[in-house]
S.K.: 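Structure incoming, see below.
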Amino acid sequence: MGSLTKSKLPIIDLSQEKLKPGTGSWLSAANDVRKALEEYGCFVALYNEVSLETHDAMFSLAKDLYDLPMESKMRLIKFLYNCLPSETALLLSKKLAALGDMVLQMVFENYGVERYYDTQIEALAYLTRFIKYRTPMNNEYNTGLRPHTDKGFLTILDQNRVKGLEIETKDGEWITFDPSPSAFVVVAGDGLMAWSNGRIHSPFHQVTMRGTEDKYTIALFSFMSGMVETPEELVDNQHPLQFKPFNHYGYLRYCGAEGMKYKHPIQFYCGV
Ligand SMILES: O=C(O)CCC(=O)C(=O)O
Ligand SMILES: [Fe+2]
């Protein structure tokens with residue numbers, strides 16, 4: 001496994017007021033997005049649509065939820081499921097989903113396959129999750145997350161100020177992400193990689209807990225309800241089809257079972 005590096009992830013400003021589809025700044029950002037996803041499989045999006053208040057309120061909600069005693073936590077979770085999550089959670093999820101939609105619109109347009117965008121975006125399901133990583137106790141090594149690729153389409157990560165997320169480059173180096181509010185990490189999953197006929201990279205990433213502060217993440221995952229299919233425009237003699245059309249939820253089920261054995265389960269599930 002490679003070493004940690006001081007390299008940085010690409011940073012792309014997607015703050016809304018400047019960006020309108022068809023304008024020069026949109027086209028140039030779309031090009032940067034596509035290049036970053038092809039080269040790194042991820043990038044840091046600067047996105048000021050999520051206010052600092054919403055960001056802070058969401059992390060204090062996440063912390064409150066995790067800090068409750070187990071019995072009240074279970075009751076509260078039941079309450080949240082029954083009554084829709086708090087307004088803050090809903091607002092943040094909507095803003096992050098809008099960011100995800102915009103990134104995908106840029107990708108589809110940049111590959112010249114925008115005619116598929118509307119139907120694909122309608123079939124896209126988003127799921128928001130709070131994640132807490134404890135600081136390791138004396139005899140623990142790492143309470144983070146082991147290296148993995150995301151199995152969904154696109155993931156957007158919002159983090160408190162605690163470092164820990166590391167992303168592997170194609171050369172096997174691990175880049176650490178230094179979180180800040182209004183900087184969101186956009187990560188391509190296996191679904192998007194397969195859709196793009198292997199052009200987009202689905203990077204290995206992990207969470208390593210080193211310091212003395214707990215880390216909280218709000219993750220927005222997305223999945224295609226139905227089939228993931230490479231557009232015919234992305235297949236030619238130079239780029240033969242790499243993945244057969246597959247059912248995305250079927251792939252998730254496979255990854256939770258037999259696919260766990262493999263480093264790249266997508267190859268075994270639907271590789272040509
Ligand atoms: O918490 C993080 O920074 C990463 C989370 C992640 O990669 C995942 O849940 O798939
Ligand atoms: Fe992940």
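Ligands are counted one by one from 1 in listed order, and the atoms in each one are counted from 1 as well.
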S.K.: Does one side chain, of D190 or S202, offer a donor that lies under 3.5 Å from an acceptor on the other?
M.R.: yes
S.K.: Answer yes when R115 and E233 have at least one side-chain N-carboxylate O distance shorter than 4.0 Å, and no when they do not.
M.R.: yes
S.K.: Strictly by modelled atom types, are D101 and Y126 linked by a side-chain donor-acceptor pair under 3.5 Å?
M.R.: yes
S.K.: Taking 4.0 angstrom as the limit, do R210 and E166 come out as a salt bridge?
M.R.: yes
S.K.: Aromatic contact between Y116 and W195, with the criterion being ring centroids under 6.0 Å apart: yes or no?
M.R.: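 For Y116 and W195, the ring centres are not under 6.0 Å apart.
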S.K.: Going by chain and residue number, what protein N/O/S atoms come nearer than 2.8 Å to the Fe ion (ligand 2)?
M.R.: H148 NE2, D150 OD1, H205 NE2
S.K.: Got a salt bridge between K95 and E49, using NZ or NE/NH1/NH2 to carboxylate O under 4.0 Å?
M.R.: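 Salt bridge: yes.
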S.K.: In order of chain and number, which residues sit within 4.0 Å of ligand 1 by heavy atom?
M.R.: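 Residue list for ligand 1: I131, Y133, L145, H148, D150, L157, Q159, L165, H205, V207, K215, T217, F221.
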S.K.: Y254 vs Y269 aromatic rings, parallel, tilted or perpendicular, using cut-offs 30° and 60°?
M.R.: tilted
S.K.: Are Q206 and W174 linked by a side-chain donor-acceptor pair shorter than 3.5 Å?
M.R.: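 No, no side-chain donor-acceptor contact under 3.5 Å.
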S.K.: Within 45 degrees of the ring normal and closer than 6.0 Å to the centroid, is that where the cationic atom of K263 sits relative to F204?
M.R.: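 Cation-pi check for K263 and F204: passes.
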